[in-house]
Structures are given as C-alpha cells and as structure tokens.
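Only a predicted model underlies this, so the values are computations on that prediction, with no experimental measurement involved. Only this structure's heavy atoms are used, side chains among them; waters, hydrogens and symmetry mates stay out.
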Amino acid sequence: MQTKNTTLDNYNVNFGRNEISMINLKENTVSLIIYDKNKFNTKDYYFSYKLSSDEQINHQINSENYNYEVNGPNGFVRKFKGSKPPKIKVTLSNNISQNEIELKIDAISGQTVTVNLENVYLSDGKDIIINNQEIFTFNLDRTRGWYDLKIKTEYNSWHFAGRIELAKS
C-alpha cells in the first residue's frame, strides 16, 4: 500500500507487461497525456487522462514493439521504448519527505539481465547486472528536486524525468 501525500507532485506512472499504470497519490486531480509514437499517423496516437485523488488507471499497450511517451505537469516525462517484451520491470516512486526517488529494477525473465543506468544530471552511466531485484535511491537535494534517469537493456529503454516539489504553506 502506498501512503497518501499532500505534495504537489505525487503520482506514479510505470510500464507494466501489457499496460502503463498511472496512480494519483495526492489530493488534487492530475492530468496526464500518453502518446503512442508508433501510431502518429493514426487517430489512436493520443490519450488524455485525468486522475482523481487515489485513482489508478491502467492504459493497455502492446509490449512487443512500442514507443510511448507520457507527459504531465511540472516537467513530468516518462518514455518507454522497445522492440521486444522487457525482461525486467522498472518502477520509479517518490519519497517526497526525504526529497528522494527510488528506482526498483526486477528481473522478471528468470535470467540475469545487464542494464545501463544513467543519471543524466550527473553524467553518470554504468552497467549493472540484475539477478533478482535491485533498488537505487537518488537524493535530489543537489538538483533541487529535479531528476532525469535513463535505463537501457539490449531491446528496451525507460526514461524518467521530472521534479518532486513540496507544497508551500
């Protein structure tokens, strides 16, 4: 269970096996737009969602050959691209009270997977071997709440960018 928070930016958007999962953990409604970049020349390339407080919506996707971008307020961007179904599950969540984000990478294929993890603000990229599950915590004090992470495997990539911001009283 995820704890509800009254901060300005507390919603999670993650790529699942056959869906993009969007969860709003804050009190106010949040608007998100999903673009299916493989379908730009069709009427099915754009999807607009409004998530009410505590609402979760799952957008059904094709995980065989995909190129999705999700945009929201405050510089929020998620990009999911691949030519084969992923062998890992990548989940990003906010820890607003600590001004941190947590990145969890799970090997779902039962195989060891090599991923490249890049923190764009630090120009820091490294290859990591995922056997089961790895959790990475990034403190955002240095970047004033901004984050920009890229995760790549042989056939897939995830890009998480945005800002967590505490409500001003």
When clusters are formed from ILVMFWY side-chain contacts under 4.5 Å, directly or step by step, what else is grouped with I108? none
side-chain contact (heavy atoms from CB on, under 4.5 Å) with D141: which residues, sequence neighbours excluded? N99, N139
Please work out which of the three classes, parallel, tilted or perpendicular, describes the rings of F15 and W158, given edges at 30° and 60°. perpendicular
If we only count heavy atoms from C-beta on, is the E100 to T137 side-chain gap below 4.5 Å? yes
Using 30° and 60° as the class boundaries, would you call the ring planes of F80 and F160 parallel, tilted or perpendicular? perpendicular
Which residue pairs pass the side-chain hydrogen bond (donor to acceptor under 3.5 Å, both in side chains) test when at least one of the two sits in residues 113-131, sequence neighbours left out? T112-N131, N116-D127
If the condition is ring pair (Phe, Tyr, Trp, His ring centres under 6.0 Å), which residues does F136 pass it with, not counting sequence neighbours? none
Would you please name every residue forming a side chain to side chain donor-acceptor pair (under 3.5 Å) with T143, sequence neighbours left out? none
Give a yes or no on whether F47 and I20 share a hydrophobic cluster (residues Ile, Leu, Val, Met, Phe, Trp, Tyr; joining criterion: side-chain heavy atoms under 4.5 Å apart). yes
State which residues pass salt bridge (charged side-chain N to carboxylate O under 4.0 Å, His left out) with E69; sequence neighbours excluded, sorted by chain then number. K37
M22 side chain near I34 side chain, heavy-atom distance below 4.5 Å: yes
Start with the C-alpha distance between I105 and V113, add both sets of side-chain angles, then the distance that settles side-chain contact (heavy atoms from CB on, under 4.5 Å), and finish with yes or no. CA-CA 10 Å; I105 304 175; V113 180; over 6 Å; no
Apart from I129 itself, residues in the same hydrophobic cluster as defined by side-chain heavy atoms under 4.5 Å: none
ILVMFWY cluster membership beyond F40 - transitive side-chain contacts under 4.5 angstrom: I33, Y35, Y45, Y46
Fellow cluster residues of L122, listed by chain then number, with links counted only when side-chain atoms sit under 4.5 Å apart: none
Quick check: do N28 and Y11 have side-chain heavy atoms less than 4.5 Å from each other? no
Suppose we screen for side chain to side chain donor-acceptor pair (under 3.5 Å). Which residues come up paired with N67, at least two apart in sequence or across chains? none
With sequence neighbours left out, what residues match Y66 under side chain to side chain donor-acceptor pair (under 3.5 Å)? N156
Applying side chain to side chain donor-acceptor pair (under 3.5 Å) to S157 and not counting sequence neighbours gives none
